[in-house]
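Here's the structure we're looking at; comments come further down.
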Amino acid sequence: MADVLISVQNLVRVYGRRSREVKALDIQRLDLARGDFVAVTGPSGCGKTTFLNLLGALDRPSRGSIFFEGRDLAGLGEAGLCRYRREKAGFIFQAYCLIPSLTALQNVLAPVYPRGNGRRMRERARELLRRLGLAGVEKHRPGELSGGEQQRVAIARALLLDPELILADEPTGNLDSATGAGIISLLKDLNDAGKTVLVASHDQRVADACGRVLRLEDGRLV
Ligand SMILES: Nc1ncnc2c1ncn2[C@@H]1O[C@H](COP(=O)(O)OP(=O)(O)OP(=O)(O)O)[C@@H](O)[C@H]1O
Ligand SMILES: [Mg+2]
């Protein structure tokens with residue numbers, strides 16, 4: 001059995017309450033191995049974002065558990081969850097979610113704000129920008145970058161603290177197909193370098209690039 005990074009048990013997320021409840025996710029059992037490259041697919045509203053948000057601890061389950069390296073996220077407490085979000089799970093959003101008033105370099109350093117001025121971290125942020133082909137735009141603000149460049153800045157930010165897990169929610173949704181293909185190949189490179197990567201997408205090419213495809217329908221794995 002491969003090394004299990006994440007184990008999901010009876011995971012349920014219900015939104016709203018009482019008469020207006022929506023059961024957005026209901027996964028009985030799922031293991032993800034360290035080093036997996038997984039596509040999470042399915043039609044709009046099937047629960048992809050709900051699932052990634054739970055894995056990234058951006059949201060809490062209504063019922064059930066997520067174990068990361070054998071530890072239940074529910075047992076981590078607020079400070080532990082903060083550390084998990086910052087150091088263990090790098091999140092990449094469809095809408096990039098960069099801070100408009102900060103430069104590309106400052107955005108990459110956001111996870112260590114306000115301690116981001118240390119020389120070591122700045123060097124690492126610069127190196128990541130270089131590796132992602134953004135050396136020339138360190139001082140640009142998001143409004144002065146193309147969509148593909150903004151997404152690469154967001155990837156650099158997600159990588160700053162070298163997380164084990166990369167969660168990407170429709171990372172190519174706002175990009176043209178060539179730029180999107182570049183982002184997918186970057187995620188593939190990260191996976192080749194040992195990261196566990198989950199990508200939510202309804203783009204078939206994303207699913208084709210991944211080693212494993214999970215399909216959700218009405219919140220359930222099919
Ligand atoms: N905050 C919320 N309150 C109530 N219902 C919600 C909330 N967020 C999502 N939902 C509902 O939960 C279900 C799953 O939504 P989710 O955003 O996870 O789908 P998705 O697969 O990511 O869709 P898309 O492909 O359009 O991004 C949908 O029926 C949606 O309407
Ligand atoms: Mg979504």
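For ligands, and for the atoms within them, numbers begin at 1 and follow the listed sequence. Side chains are part of it too, since the values below use all heavy atoms of this structure and drop only hydrogens, waters and symmetry mates.
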(request) Identify, by atom number and element, the atoms of ligand 1 in contact range of His202, meaning under 4.0 Å from any of its heavy atoms. (result) 25 (O)
(message) Between Glu123 (side chain only) and Arg120 (backbone N and O only), is there a donor and an acceptor less than 3.5 Å apart?
(response) no
(message) Taking side-chain hydrogen bond (donor to acceptor under 3.5 Å, both in side chains) as the criterion, tell me which of Thr50, Asp59, Asn53, Asp26 meets it with Arg13.
(response) Asp59
(request) Pull out every atom of ligand 1 sitting under 4.0 Å from any heavy atom of Ala24, numbered as shown with elements. (result) 12 (O), 13 (C), 14 (C)
(message) Looking at atom 2 (C) of ligand 1, tell me if a protein heavy atom falls under 4.0 Å from it.
(response) yes
(request) Pull out every atom of ligand 1 sitting under 4.0 Å from any heavy atom of Thr50, numbered as shown with elements. (result) 14 (C), 15 (O), 16 (P), 18 (O)
(message) A quick test of your reading: do over 12 heavy atoms of other residues, nucleotides or ligands sit less than 6.0 Å from CZ of Arg212?
(response) yes
(request) Please answer whether the main-chain N or O of Ile99 pairs with a side-chain N or O of Asn107 as donor and acceptor at a distance below 3.5 Å. (result) yes
(message) Please list the nearest protein heavy atom to atom 25 (O) of ligand 1 with its residue and the distance rounded to 0.1 Å.
(response) Lys48 NZ, 2.7 Å
(request) Taking only Lys NZ, Arg NE, NH1 and NH2, and the carboxylate oxygens of Asp or Glu, determine whether Glu78 and Arg85 approach each other closer than 4.0 Å. (result) yes
(request) Check whether any side-chain N or O of Asn191 sits under 3.5 Å from a backbone N or O of Gly35 as a donor-acceptor pair, and report yes or no. (result) yes
(request) Specify the protein heavy atom at minimum distance from atom 11 (C) of ligand 1: its residue, its atom name, and the distance to 0.1 Å. (result) Tyr15 CD1, 3.9 Å
(message) I'd like to know if the side chain of Asn174 reaches the main chain of Gln94, judged simply by a donor and an acceptor atom lying under 3.5 Å from each other, with no hydrogens or angles considered.
(response) yes
(message) Between Thr196 and Asp36, is there a side-chain donor-acceptor contact under 3.5 Å, judged purely by atom types and distance?
(response) no
(message) Could you enumerate the protein N, O or S atoms under 2.8 Å from the Mg ion (ligand 2), written like residue then atom name?
(response) Thr49 OG1
(message) Out of Leu52, Asn53, Thr49, who is nearest to atom 27 (O) of ligand 1 when you count heavy atoms only?
(response) Thr49
(message) Measuring from atom CG of Leu30 to atom OG of Ser7, what distance do you get when rounded to the nearest 0.5 angstrom?
(response) 8.0 Å
(message) Under 4.0 Å from atom 29 (O) of ligand 1, can you find at least one protein heavy atom?
(response) yes
(request) Check step by step if side-chain contact (heavy atoms from CB on, under 4.5 Å) holds for Phe68 and Leu55. (result) CA-CA 9 Å; Phe68 183 89; Leu55 291 177; over 6 Å; no
(request) Answer yes or no for Gly47: is there a heavy-atom contact with ligand 1 below 4.0 Å? (result) yes
(message) Which residue and atom name correspond to the protein heavy atom nearest atom 26 (O) of ligand 1, and how close is it?
(response) Ser44 OG, 2.6 Å
(message) With nothing but distance in play, are any N or O atoms of Cys46 less than 3.5 Å from an N or O of ligand 1?
(response) yes
(request) Begin with the C-alpha distance, continue with both residues' side-chain angles, and end with the deciding distance and a verdict on salt bridge (Lys or Arg N to Asp or Glu O under 4.0 Å) for Glu127 and Arg130. (result) CA-CA 5 Å; Glu127 168 59 26; Arg130 256 197 305 278; 3.1 Å; yes
(request) Check whether more than 12 heavy atoms from other residues, nucleotides or ligands sit under 6.0 Å from atom CZ of Arg83, and answer yes or no. (result) no
(request) Distance to 0.1 Å, residue and atom name: give those for the protein heavy atom nearest to atom 13 (C) of ligand 1. (result) Gly45 O, 3.5 Å
